[in-house]
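So that the names make sense, note that chain A is the first sequence line, chain B the second, and so on, each numbered from 1.
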Number of protein chains: 2
Amino acid sequence: MKKKLSIIDIANSLNISKTTVSFILNGRAREKRISEELVDRVLKYVKEVGYKPNSLAKSLRTGKSNIIGLLVQDISNNFFASIARQIEDRAYKNGYKIIYSSTDNDTQKTQEMIAMFRDRHVDGYIIVPPEGIEEDISALIKDGLPVVLFDRYLPNVKTDYVVVDNLFSTYNATRYLIDKGRKNIAFITFTNQQTQMLDRLEGYKKAVVESKLKTNIKEIDFYPEEKLIAEPILAFLNEHKETDAILFGNNYLGTCGLKVIRKLGIKVPDQLALISFDDTVVFELCNPPVTAISQPIDDIADQVITILLNRLNSSAQNDPKQHITLPTTLTIRESTN
Amino acid sequence: MKKKLSIIDIANSLNISKTTVSFILNGRAREKRISEELVDRVLKYVKEVGYKPNSLAKSLRTGKSNIIGLLVQDISNNFFASIARQIEDRAYKNGYKIIYSSTDNDTQKTQEMIAMFRDRHVDGYIIVPPEGIEEDISALIKDGLPVVLFDRYLPNVKTDYVVVDNLFSTYNATRYLIDKGRKNIAFITFTNQQTQMLDRLEGYKKAVVESKLKTNIKEIDFYPEEKLIAEPILAFLNEHKETDAILFGNNYLGTCGLKVIRKLGIKVPDQLALISFDDTVVFELCNPPVTAISQPIDDIADQVITILLNRLNSSAQNDPKQHITLPTTLTIRESTN
DNA sequence: ATGAAAGCGCTAACAA
DNA sequence: TTGTTAGCGCTTTCAT
């Protein structure tokens, strides 16, 4: 177990001071007018012995950790996993690491995670905020820490966010169902006050009301357990035999719903047309394939990390907050024929 | 932006020394015979002002970071995401945080990530090792850092690992196909020397040879891009019209294969029976549902983190290395009728 | 152009 | 029972 080298070892071996080594390693040689010759000698030696500065000490000293904290609702959900994946890639390319966690939409867990992140001195936050987290996030912002939200935002918190045009997306999807001649369109969503779900609900309502049809909304309490989602859906389907189309508020609901529908042996699209928010490989491969509102995953990830990296590069620290709204695509498949 | 409190602020406010505060905060009050009265006073004050020790400084001093480094092949793959999820939960409950990254099975990227983790002084490693990473992992172990591998292992590296009984799993699945009367069973796998893929191949071969049938193996180079997987599968299917059953080496191949088969309009199971390693919701919901070799995800995650936490709790540091092999389940669905 | 030394916040050996 | 102090490895001001 070879002892780890420190900057002082390097300095001693080269008979110079650690200050000089530090300057050279941090690219401030020019600025400090250190001779080319010395710079080369140090760089070469450092590489030769494989010296790596201790980033802990560096962080302690500079107050910067080069870590970004990422809080998504559920890292095992394909939508969040894909975004996390891309954010991670871009972050690493820019010298940042990611610490992530799933929040499960649980306020307390999220608070604990934010506390942990602060503790670790993370430089910036990317958060998919659960309800009731406004204060904690405001506190971060007040302390000058950059926070970018995505998927949803908090109306009372002034910070950057990236969302999709939820209202138009469901409006458009609902219109599509109406144009296909569906009369009893249900919307299945989660019981919460998150902006994305509210907007999706609004879009659905708007289209239904415009066409003088009746709304039929089923709100389900969120629990991270599939059975507790499937049961209410089952109950709803049994109660509302007249329903001839369903719009699911997200992929979790859509996938669960699909399982229930399959079990019930309901014919799609003859008896029931289906559209789900979020596209996944399941909707592509199931039978029949399900029409989906595809979110621009790459774009979302890209915008989020770009905004955050900008804030981190201090120059843009006080620019006005950015509110990005991206469009979705209705990917039409056989479930709405 | 309120200034962060340090231990010395606490000590000063209470007119005691920071040593005392440190001892109390680290639960060593009893051992140091600090008066109950003082302990209470300190704890109360600390809570009151919301003081949190700076974990960076703590890590720098103690050499422990309370961070576990997790390297999986692809965090957006359901199998790895689910395991990561569970590991994360258990880790947090035990006071550890997770830093993770996807390796993409890319040796160089993995090396860089290991270097980064070392740099951050992570306390332990959980790795799904790509090929060619033996030396780097051996180096970790030589330096006394606990490493737990899963999904596959490195025959020349003596460390803990958790895998499933790959050989028996594919043997069993292949037997199942044979018993169903299939004669031309193909095995589609990735071109690599990883233990899990080799064992899966062996299991397949064993069953086929035992039954005096002919093996038909298609090896595909791995690229993290779907098109580059789908094309060789398509070519294979076109060339081998006689194939009446396919066993896919993992869920990535299975999902891609499913898309190709769907596009080709091949009738499953009439023309072609299908089994895939790894179970996912796609296999459950696609048409027809696909028989799958289910890995015990919860168990794997649980074993991995249990072993690592044990090593971290120093008592078990030098116990013999553990090699856990878990059984899989063949989840039979309509694709093999 | 280079170096000495202070200090980031914490722990722990040693002193009292 | 409690306090003093060195030092983890680094950056950065100030001196030279």
Side-chain angles (χ1 to χ4, degrees), chain A residues 2-43 45-46 49-67 95 118-123 314, chain B residues 2-43 45-46 49-67 118-123:
Chain A
K2 68 176 172 230
K3 192 185 152 297
K4 249 227 152 201
L5 294 154
S6 85
I7 196 169
I8 210 158
D9 297 319
I10 304 295
N12 288 341
S13 303
L14 259 35
N15 277 316
I16 55 177
S17 92
K18 58 178 182 163
T19 312
T20 310
V21 178
S22 174
F23 283 146
I24 292 174
L25 257 31
N26 290 309
R28 302 179 57 189
R30 254 230 128 69
E31 166 192 344
K32 294 289 172 184
R33 302 165 179 243
I34 295 171
S35 68
E36 293 262 334
E37 183 267 329
L38 219 202
V39 172
D40 286 354
R41 208 147 54 87
V42 170
L43 256 28
Y45 183 73
V46 161
V49 296
Y51 163 72
K52 293 268 181 201
N54 178 331
S55 45
L56 238 41
K58 196 167 185 161
S59 293
L60 180 59
R61 186 57 234 244
T62 59
K64 276 201 60 177
S65 63
N66 278 286
I67 294 184
R118 284 208 77 144
D119 206 61
R120 289 271 152 200
H121 288 212
V122 311
D123 295 334
S314 67
Chain B
K2 70 179 173 223
K3 195 186 150 296
K4 251 230 151 195
L5 296 153
S6 83
I7 195 169
I8 210 158
D9 298 318
I10 305 294
N12 288 341
S13 304
L14 260 35
N15 277 318
I16 55 176
S17 93
K18 58 178 184 164
T19 311
T20 311
V21 179
S22 173
F23 282 144
I24 293 175
L25 258 31
N26 289 310
R28 302 179 56 188
R30 254 231 127 68
E31 168 191 343
K32 294 290 172 180
R33 302 168 179 240
I34 296 171
S35 69
E36 292 261 335
E37 183 267 328
L38 220 202
V39 171
D40 285 352
R41 209 146 55 86
V42 170
L43 256 27
Y45 183 73
V46 161
V49 297
Y51 163 74
K52 293 268 179 199
N54 179 331
S55 44
L56 238 42
K58 196 168 184 160
S59 292
L60 180 59
R61 184 59 235 239
T62 59
K64 274 202 62 178
S65 63
N66 277 285
I67 294 183
R118 285 209 76 146
D119 206 61
R120 292 268 151 202
H121 287 211
V122 311
D123 295 334

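Heavy atoms only, all atoms of each residue included: A:Ser59 and A:Lys64 are closest at OG-O, 2.9 Å. Here the shortest heavy-atom pairing between B:Ala29 and B:Val39 reads CB-CG2, 3.6 Å.
An OP1 or OP2 oxygen of D:dT11 is reached within less than 4.0 angstrom by no side-chain nitrogen or oxygen of A:Thr62. Considering only side-chain N and O atoms, A:Ser22 lies nowhere under 4.0 angstrom from the phosphate OP1 or OP2 of D:dC10. Phosphate contact (OP1/OP2 of D:dT11, side-chain N/O of A:Asn26, threshold under 4.0 Å): present. Distances shown here put every side-chain N or O of B:Tyr51 at or beyond 4.0 Å from the OP1 or OP2 atom of C:dG9. An OP1 or OP2 oxygen of D:dG3 is reached within less than 4.0 angstrom by a side-chain nitrogen or oxygen of B:Ser17.
Formation of a donor-acceptor pair under 3.5 Å by the A:Asn12 side chain with backbone atoms of A:Asp9 is not found in this model. Without hydrogens or angle criteria, B:Thr62 side chain to B:Lys58 main chain gives a donor-acceptor distance under 3.5 Å.
As a whole-Å value, the separation of B:Leu14 CG from D:dG3 P is 10 Å. What separates CD1 of A:Ile24 from P of C:dA1 is a distance of 13 Å, to the nearest Å. Across the protein-nucleic acid pair, B:Lys64 atom NZ and C:dT11 atom P stand 13 Å apart, rounded to whole Å. The separation between B:Leu5 atom CG and C:dC8 atom P is 14 Å, rounded to whole Å. In this structure, B:Asn15 atom CG and D:dT4 atom C1' are separated by 16 Å, rounded to whole Å. If you measure from atom CZ of A:Arg30 to atom P of C:dA1, you get 11 Å, rounded to the nearest angstrom. We find that CZ of A:Phe23 is positioned 8 Å from P of D:dT12, with the value rounded to whole Å. If you measure from atom CD1 of B:Ile7 to atom P of D:dT2, you get 15 Å, rounded to the nearest angstrom.
The base of C:dA12 sits with one of its N or O atoms less than 3.5 Å from a complementary donor or acceptor on the side chain of B:Thr19.
Between A:Leu60 and B:Asn54 the shortest side-chain heavy-atom distance falls below 4.5 Å.
Between A:Ile8 and B:Ile34, it is B:Ile34 whose nearest contact on DNA chain D lies nearer the 5' terminus.
At the heavy-atom level, A:Leu38 lies under 4.0 Å from the strands shown only through sugar-phosphate atoms.
The side chain of B:Lys18 lies closest to D:dT5 when the candidates are D:dG3, D:dC10, D:dT5. Here D:dG9 is the nucleotide among D:dG9, C:dG3, C:dG9 with the atom lying nearest to any side-chain atom of A:Ala57. Here the nucleotide nearest the side chain of B:Ile16, chosen from C:dT2, D:dG3, C:dT11, is D:dG3. When distances run from any side-chain atom of A:Lys58 to the nucleotides D:dT13, D:dC10, C:dA4, the shortest one goes to D:dC10. Distances were taken from every side-chain heavy atom of A:Arg61 (C-beta onward) to each of D:dT12, C:dC10, D:dG3; the shortest belongs to D:dT12. Here D:dT12 is the nucleotide among D:dG9, D:dT12, C:dC10 with the atom lying nearest to any side-chain atom of A:Arg28.
One finds no salt bridge joining B:Glu36 and B:Arg41 here, because no Lys/Arg side-chain nitrogen approaches an Asp/Glu carboxylate oxygen to under 4.0 Å.
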